[in-house]
Amino acid sequence: MDGNHEIDVHDSRLRDLPGRDGSKQPRVWSSPENGVKTEIGKQIFCNRSLNMKNIIAVGFDMDYTLAQYKPETFESLAYQGTIKKLVYDLGYPRELLNWSFNWKYMVRGLVLDKKRGNILKMDRHKYVKVAYHGFRELSKEDKVGTYGNTLVRDSFDEPDYALIDTLFSLAEAYLFAQLVDFKDCNPDKIQEGVDYARMYKDVRAAVDLCHRDGTLKQMVAIEPKRYINEDSSIVPMLEMLRDSGQATFLVTNSLWDYTNIVMNFLCGSSMADVSNNFGWLQYFDVVITGSAKPGFFHEENRATLFEVVPETGMLLNTDNGSPIPQVGNTSARLFTEAKNHACPVFQGGNVSHLHKLLSIESSSQVLYVGDHIYGDILRSKKVLGWRTMLVIPELEKEVKLLWESRDSRKELQFLRSERDCIEDEIHHLKWSLKFKNPDADSKQKLSSELDKLKLERERVRLSHQEAQKKLHQRFHEPWGQLMKTGYQNSRFAHQVERFACLYTSQVSNLGLYSPDKYYRPSEDFMQHEFGIMACETPDI
Ligand code: U5P
């Protein structure tokens, strides 16, 4: 098999990367249309063909899509705020106040088993490959005993399981693991009747409250730079889309006052008082705040659409998305004229309002960019048929590591096939011993050969195990590669493949490609095709 095949995890174009001769600066590829080289970490990957010429509106989620929060400050703040609520409002022991948060420990794609206090990583077949109880790894026997039976394997969904599928969930997953450990070691210190599932429920409610009661947002408002990454390429990307004739819109669950603060920061406003600065609205055609996604994507959702007055945050009634005709004024006023802003701002409503506001006739004309596989991507694609792009910030590092570890992965594949060959040889020897009636001499020869092979098999097995562990740790200790679980795609990767037409590490990567680009995936291969494609002269 071609050695370069190893890095061809998502896109065959990677095979043609410069540096297949081993040169040291390979992490770029040539974009065919313009000859410009784009780093792999900033590449947009395509699962399903998408011709940007057919897209008339590009929409964005805000939090963790346009705005990349710094987990070391933002999620730490959520973590600390949650602990305070657990202690002061819900009666958890005061020693929790001394706990600290390792923001690098949890990763997206994990599943919490609320009842058992376990944290799981599974592959696309829902086979649990890595399992921890709190911070203690489960033995293989325990893991297989609990989750191994394919017949009873459940769906790993709510209400008994919680999916860690947004970056917002990393702090609560960590706190849950800490509480599980704490309860195991100090059963008397946790109130009677509070089991693992109840602890999860308390943590979830407390985190959610931190997001809603100002614990987080007031701090972000004071010093956005401390909590959000600056990204000077967002504005040029939005301008590029608009210059090419595509409408742009924002649909966020955040409310107007917070949205205004974050968007001012992202769009580079240097004004100290952002409450009166709405320059960033010029980059959008419609802004919808407080959208209550994923309900927003359902046309039958009857949420009322209000117009927001940017200066005051006041909500005005609308006539189902149209301006209310003024008394004594025969023509309905236009939002934009009335407000003197580049685009109208709303709160609530549903997708039909948005389609009407942007004159969208077919949902396949919309591309929506979000970070939440369920809240943004799955629902908008499945329910509506919008085209989707998922933002996965973790991808930049993952792709870099994939490149750097290509030799180790080659070694791993070699060991795996060596192991398989030995296994086959052992089988043949056993077969000969049993069915070919060898004479005493041959029998002895075969038996000693068999013993040698068994030793060799053990040596290769251990080397393979060691190499696999090293590679796993190189990506993430304890969870390994985000998109892989062993040799299979992870459950997270499987969802990305199914629901995101495109995926990339940062929203601004859109600006690195033509707004007319025809995104195409590599050819699909089934397993039987892989072998044939790798052989130059197939032995048929
Ligand atoms: N949020 C919550 N509860 C949570 C996590 C997030 O209310 O447990 C809020 C965030 O603070 C943000 C919004 O305001 O949801 C995310 O919206 P979006 O921009 O991703 O749509």
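Computed from a predicted model, the values in this text were never measured in an experiment. One-based numbering, in listed order, for ligands and for the atoms of each.
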Worksheet item: Is Asp61 salt-bridged to Lys293, cutoff N-O under 4.0 Å?
Response: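 So Asp61 pairs with Lys293 through a salt bridge.
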
- Output yes when Glu158 and Lys114 qualify as a salt bridge under the 4.0 Å nitrogen-oxygen rule, no when they do not.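 Looking at Glu158 and Lys114, the cut-off is met.
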
Next item on the list: Determine the sole option in Asp123, Asp157, Asp165 for which the salt bridge (Lys or Arg N to Asp or Glu O under 4.0 Å) test with Arg491 is passed.
Entry: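 The option that passes is Asp157.
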
Side chain, backbone, both or neither: which part of Asn253 comes within less than 4.0 Å of ligand 1 when only heavy atoms are counted?
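Both backbone and side chain.
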
Taking heavy atoms and a distance under 4.0 Å, where does Lys293 meet ligand 1: side chain, backbone, both or neither?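 It is the side chain that gets close, since no backbone atom is under 4.0 Å.
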
ask   = Is Thr252 in polar range of ligand 1, meaning some N or O pair under 3.5 Å apart?
value =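 It does: an N or O of Thr252 is found under 3.5 Å from an N or O of ligand 1.
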
* **Close N or O approach (Arg204, ligand 1; < 3.5 Å)** =>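 So ligand 1 has an N or O lying under 3.5 Å from an N or O of Arg204.
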
Quiz item: Considering His372, His211, Arg212, Met62, which one's heavy-atom position lies nearest to atom 9 (C) of ligand 1?
Solution: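 Selected option, by shortest heavy-atom distance: His211.
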
> Is the backbone N or O of Phe499 less than 3.5 Å from a side-chain atom of Thr388, with the two atoms forming a donor-acceptor pair by type?
Replying inline: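 Yes: the side chain of Thr388 pairs with the backbone of Phe499.
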
message = With a 3.5 Å distance limit and no angle check, can you tell me whether Lys126 reaches the backbone of Ser155 through a side-chain donor-acceptor pair?
response =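 Yes, Lys126 side chain to Ser155 backbone: donor-acceptor pair under 3.5 Å.
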
Which heavy atom of Cys501 sits nearest a heavy atom of Arg387, and at what distance?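 Reported closest heavy-atom pair: SG-NE, 3.3 Å.
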
Which of the ligand 1 atoms, numbered from 1, are nearer than 4.0 Å to a heavy atom of Lys217: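 Result: 10 (C), 11 (O), 12 (C), 14 (O).
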
- prompt: Which of the numbered atoms in ligand 1 are below 4.0 angstrom from a heavy atom of Ser254?
  reply: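 Matching atoms, with element in brackets: 12 (C), 13 (C), 14 (O), 17 (O).
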
Give me the nearest non-hydrogen protein atom to [atom] as residue plus atom name, then the distance to 0.1 Å.
| atom | answer |
| --- | --- |
| atom 3 (N) of ligand 1 | Asp208 OD1, 2.6 Å |
| atom 16 (C) of ligand 1 | Asp63 OD2, 3.4 Å |
| atom 20 (O) of ligand 1 | Asp61 OD1, 2.8 Å |

Between Tyr105 and Tyr174, is the ring centre distance below 6.0 Å?
->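 Centroid distance Tyr105-Tyr174: below 6.0 Å, so yes.
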
